[in-house]
Amino acid sequence: MRPGDLSRFKQSGRAITVLTAWDSLSASLVQEAGADVVLVGDSLAMVVLGHATTLPVTLEQMLLHSQAVCRGLMGPISEQPLVVVDLPFLSYQCGADRAVAAAGTLLKQSGAAAVKLEGAEPEVLTVIDRLVRMGIPVMGHLGLTPQAVHRLGYRRQAQDPNSQDKLKRQALALEAAGCCSLVLEHIPTNLASELQQLLSIAVIGIGAGDGCDGQVRVTADLLGLTAKQPPFSPALIPGRQLCLEALRGWVSEQRQQAATPTSTSAPQAPGC
Ligand code: KIV
């Protein structure tokens, strides 16, 4: 799977599936489930590293987890899902040179094939243009952009006509800058459907309705593992509860076995 396949899938009407992974185990699950794209999302800052927002995750941490994800994928590269890595906060906000170095490091040292970054401010568009010209495919991300949490919060975005017009202009600018696809997070369904029609690049939604070319989900949310479930991304199974029941069962089984020692047990050696 290559970045260019995303537009091909859109043209042929084949739904695109994107799931996040953060290590080899989750990557192998996502691949075996048949997802087209594995996203090493910076949501790992919250899901895996225990931070309150995505801001603290570093480039080094994203690289470490991307390497683990790529190691978890099986078979020839041409048959593996596309690996996209989030550029973490401050790795692309300080100019195109630093962004190329950050994105290049991720691609060079992990085996990922594309990066994702948030927003469409003029500075971000300049960065995207440079990355694309340097041969680094870019996935855009608009709507709820968690790296802007201190400005936007986690609420639904583009609720009024002005902000909807702005988002449409930004989406078109991202396409013109060379993005290979666009994630739309937590925006009104009709706006996402309109953008799916308007853009020739693939539109991938989360909390943006069914009218997109594909869907992306945080795997831990889908599996019901995260303690705080986003309202727009319901769990498929009560994973946390199922895991807890299994683990609690094992713990109590061990305690019960320990509580019935056999009378023939050997005396303990001194010092043990
Ligand atoms: O970091 C992430 O997991 C993401 C998805 C929610 C799209 O950006």
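In each ligand, atom 1 is the first atom listed, and ligand 1 is the first ligand listed.
- Within ligand 1, counting atoms from 1 as listed, the ones closer than 4.0 Å to a heavy atom of G41 are 1 (O), 2 (C), 3 (O).
- Between the CD atom in E194 and the CD1 atom in I187 there is a gap of 10.0 Å [rounded to 0.5 Å].
- When each atom of ligand 1 is checked for a heavy atom of D86 under 4.0 Å away, the hits are 1 (O), 2 (C), 8 (O).
- With respect to R133 and D129, a salt bridge is recorded, a charged nitrogen being found less than 4.0 Å from a carboxylate O.
- When heavy-atom distances to ligand 1 are checked against a 4.0 Å cut-off, D42 comes that close through both its backbone and its side chain.
- Of all atoms in ligand 1, listed by their number and element, those nearer than 4.0 Å to a heavy atom of V218 are 3 (O), 6 (C).
- Comment: R14 does not engage D213 in a salt bridge, judged by the lack of any side-chain N to carboxylate O separation of less than 4.0 angstrom.
- Note on V40: it clusters hydrophobically with W22, by side-chain heavy-atom contacts below 4.5 Å among ILVMFWY residues.
- Close approach to H141 involves these atoms of ligand 1, each under 4.0 Å from a residue heavy atom: 8 (O).
- Residues Q80 and M74 are not in side-chain contact: their nearest non-hydrogen atoms beyond the backbone lie 4.5 Å or more apart.
- Residue-ligand proximity, T20 to ligand 1, at heavy-atom distances under 4.0 Å covers atoms 3 (O).
- Shown in contact with S43 at under 4.0 Å from a heavy atom are these atoms of ligand 1, numbered in order with element: 1 (O), 2 (C), 3 (O).
- Here D23 does not pair with R71 in a salt bridge; the nearest charged N to carboxylate O distance is not below 4.0 Å.
- No path of Ile, Leu, Val, Met, Phe, Trp and Tyr side chains, each step under 4.5 Å between heavy atoms, connects F9 with V83, placing them in separate hydrophobic clusters.
- Residue contact check: K116 has heavy atoms under 4.0 Å from atoms 4 (C), 8 (O) of ligand 1.
- In terms of polar-atom proximity, defined here as any N/O pair under 3.5 Å, E185 makes no such contact with ligand 1.
- Looking at T54 against ligand 1, nothing comes within 4.0 Å, counting heavy atoms.
- If you look at V18 next to ligand 1, there are no close heavy atoms at all, none under 4.0 Å.
- Taking every heavy atom of L39 and a limit of under 4.0 angstrom, the matching atoms of ligand 1 come to 4 (C), 5 (C), 7 (C).
- Residue D210 qualifies as open at atom CG: its count of foreign heavy atoms under 6.0 Å is 12 or below.
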